[in-house]
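What follows is a short report on a single structure.
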Amino acid sequence: EWFAKAIEADPNKETAYRYWGDALMEQGKMKEARAKYIEGIVADPYQATSGAGLRKWLTANKLALKKIPITLPAGPSTDKDGKTSITLDASMFDKPDTGAAWLAYPTARAAWPTDQFLKQFPQEKTYRHSLAEEATALTTVVEVYAELMAGKSGKHDASLELLSKLKKEEMLEPFVLLTHADAGIVQDYASYRDAHRDKLNAFLDQ
């Protein structure tokens with residue numbers, strides 16, 4: 001009852017979810033404990049203690065959290081004069097299909113520091129890496145990959161297939177926020193959580 005009251009008072013503080021999960025674990029209610037630990041991470045994933053409960057649950061159940069096998073290319077860089085440049089991984093050119101899809105990632109992001117960011121965030125005066133920029137770039141990668149692979153059979157790229165699945169299931173934003181957030185993207189978390197707490201929970205659950 002008191003854990004529920006604490007969450008009602010502040011649903012975006014992870015502590016009560018974690019303590020509630022601990023109590024459920026003590027009672028042997030593993031499914032319910034897991035759900036509370038996930039809710040705690042969603043409440044505030046960037047606290048050092050947020051994942052402690054789920055790690056405890058995984059250990060108790062002899063499980064491990066598998067890393068999502070998607071490695072993003074380097075994004076564009078901006079020098080002190082505001083000039084944006086793109087560094088390309090030479091290995092991408094060895095893969096005519098998948099490489100071209102990943103080349104779309106830094107290209108799509110290149111317009112944000114100089115133009116797109118101010119259009120998207122007119123109230124902010126200084127550029128930062130944002131969830132909107134990252135989601136746009138990853139969507140472009142998925143779209144280019146779909147065009148390149150249209151009508152082709154055989155083995156496709158596993159990481160791009162997974163990225164495409166995340167896009168189809170509307171999980172790109174949770175993927176970015178919970179696995180690839182930097183100081184800029186973190187600033188977009190609260191507003192996304194307020195609107196899409198269900199998607200964040202579903203992403204971690206899956």
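None of the values given here were measured: they were computed from a predicted structure.
At a threshold of 4.5 Å between side-chain heavy atoms, the hydrophobic network of Ile, Leu, Val, Met, Phe, Trp and Tyr places Trp112 and Leu72 in two separate groups. Hydrophobic cluster membership differs between Met25 and Phe3, with clusters built from Ile, Leu, Val, Met, Phe, Trp and Tyr side chains linked at under 4.5 angstrom. Linking Ile, Leu, Val, Met, Phe, Trp and Tyr residues whenever their side-chain heavy atoms come within less than 4.5 Å leaves Leu65 and Tyr17 in two separate clusters. No path of Ile, Leu, Val, Met, Phe, Trp and Tyr side chains, each step under 4.5 Å between heavy atoms, connects Phe121 with Ile185, placing them in separate hydrophobic clusters. A continuous path of Ile, Leu, Val, Met, Phe, Trp and Tyr side chains, each step under 4.5 Å between heavy atoms, connects Ile68 with Leu131, placing both in one hydrophobic cluster.
Atom CD of Gln27 sits in a crowded spot, with more than 12 heavy atoms from other residues, nucleotides or ligands closer than 6.0 Å. In the displayed structure, Tyr19 atom OH is contacted under 6.0 Å by at most 12 heavy atoms of other residues, nucleotides or ligands. Counting non-hydrogen atoms of other residues, nucleotides and ligands closer than 6.0 Å to NZ of Lys167 gives a total of 12 or fewer. More than 12 heavy atoms of other residues, nucleotides or ligands shown are found within 6.0 angstrom of CD on Glu124.
At distances below 3.5 Å, not a single donor-acceptor pair connects side-chain atoms of Asn61 with backbone N or O atoms of Leu63. A donor-acceptor pair is defined here as one N or O able to donate and one able to accept, closer than 3.5 Å; no such pair exists between the side chain of Arg197 and the backbone of Glu39. Put simply, the side chain of Trp57 never gets that close to the backbone of Tyr37: no donor and acceptor are under 3.5 Å apart.
Under the 4.0 Å criterion applied to side-chain N and carboxylate O atoms, Glu173 and Lys199 are not assigned as salt-bridge partners. Taking 4.0 Å as the cut-off between side-chain N and carboxylate O, Asp22 and Arg18 do not count as a salt-bridged pair. Ionic pairing of Arg128 and Asp188 is present here: one or more N-O contacts between side-chain nitrogen and carboxylate oxygen are shorter than 4.0 angstrom.
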From CA spacing to verdict: salt bridge (Lys or Arg N to Asp or Glu O under 4.0 Å), Asp44, Arg193: CA-CA 9 Å; Asp44 188 357; Arg193 178 195 57 208; 5.7 Å; no
If you apply the rule side chain to side chain contact (heavy atoms under 4.5 Å, CB included), what do you find for Asp194 with Asn12, and how did you get there? CA-CA 9 Å; Asp194 292 346; Asn12 299 324; 4.2 Å; yes
Between Glu8 and Lys5, does the salt bridge (Lys or Arg N to Asp or Glu O under 4.0 Å) criterion hold? Intermediate values first, please. CA-CA 5 Å; Glu8 184 179 0; Lys5 288 180 182 292; over 6 Å; no
Step by step, work out the side chain to side chain contact (heavy atoms under 4.5 Å, CB included) result for Tyr192 and His196. CA-CA 6 Å; Tyr192 185 88; His196 303 291; 3.3 Å; yes
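Minimum heavy-atom separation, Ala74 to Pro106: O-CB, 3.8 Å. Ile41 and Ser50 get closest at one heavy-atom pair: CG1-O, 3.3 Å. Nearest approach of Ala101 to Leu148, heavy atoms of both residues: N-CD1, 3.9 Å. Closest non-hydrogen pair, Asp157 versus Ser159, comes out as OD2-OG, 2.6 Å. Taking every heavy atom of both residues into account, Ala16 and Ala6 meet most closely at CB-CB, 3.8 Å. The two residues Glu14 and Gly40 make their nearest non-hydrogen contact at CB-O, 3.2 Å.
Residues Tyr105 and Ile86 are not in side-chain contact: their nearest non-hydrogen atoms beyond the backbone lie 4.5 Å or more apart. Considering only heavy atoms from C-beta on, Lys165 stays 4.5 Å or farther from Met171 through its side chain. Residues Leu163 and Tyr145 are not in side-chain contact: their nearest non-hydrogen atoms beyond the backbone lie 4.5 Å or more apart. Considering only heavy atoms from C-beta on, Val142 stays 4.5 Å or farther from Leu166 through its side chain. Annotation: side chain of Leu138 is in contact with side chain of Phe175 (closest heavy-atom distance under 4.5 Å). Residues Trp20 and Ile7 have side chains in contact (heavy-atom distance under 4.5 Å, counting atoms from C-beta outward).
Relative ring orientation between Phe117 and Tyr127 is described as perpendicular, the plane-to-plane angle rising above 60° on a 0-90° scale split at 30° and 60°.
Of the residues listed (Leu172, Val42, Thr179), the one engaging Phe203 in a side chain to side chain contact (heavy atoms under 4.5 Å, CB included) is Thr179, and it is the only one.
A donor atom on one side chain and an acceptor atom on the other are not found under 3.5 Å apart for Ser130 and Gln120. The closest side-chain donor-acceptor pair between Glu134 and His129 falls under 3.5 angstrom.
One finds the CG atom of Leu160 at 9.0 Å from the CE atom of Met149 (value rounded to the nearest 0.5 Å). A distance of 12.0 Å separates CD of Glu170 from NZ of Lys168, quoted to the nearest 0.5 Å. Taken to the nearest 0.5 Å, the CG atom of Leu54 stands 4.5 Å off from the CG atom of Leu58. Note that the CD atom of Glu161 and the CD1 atom of Ile70 stand 11.0 Å from one another [nearest 0.5 Å].
Taking the six-membered ring wherever Trp is involved, the centroid distance between the rings of Tyr189 and Tyr46 falls below 6.0 Å.
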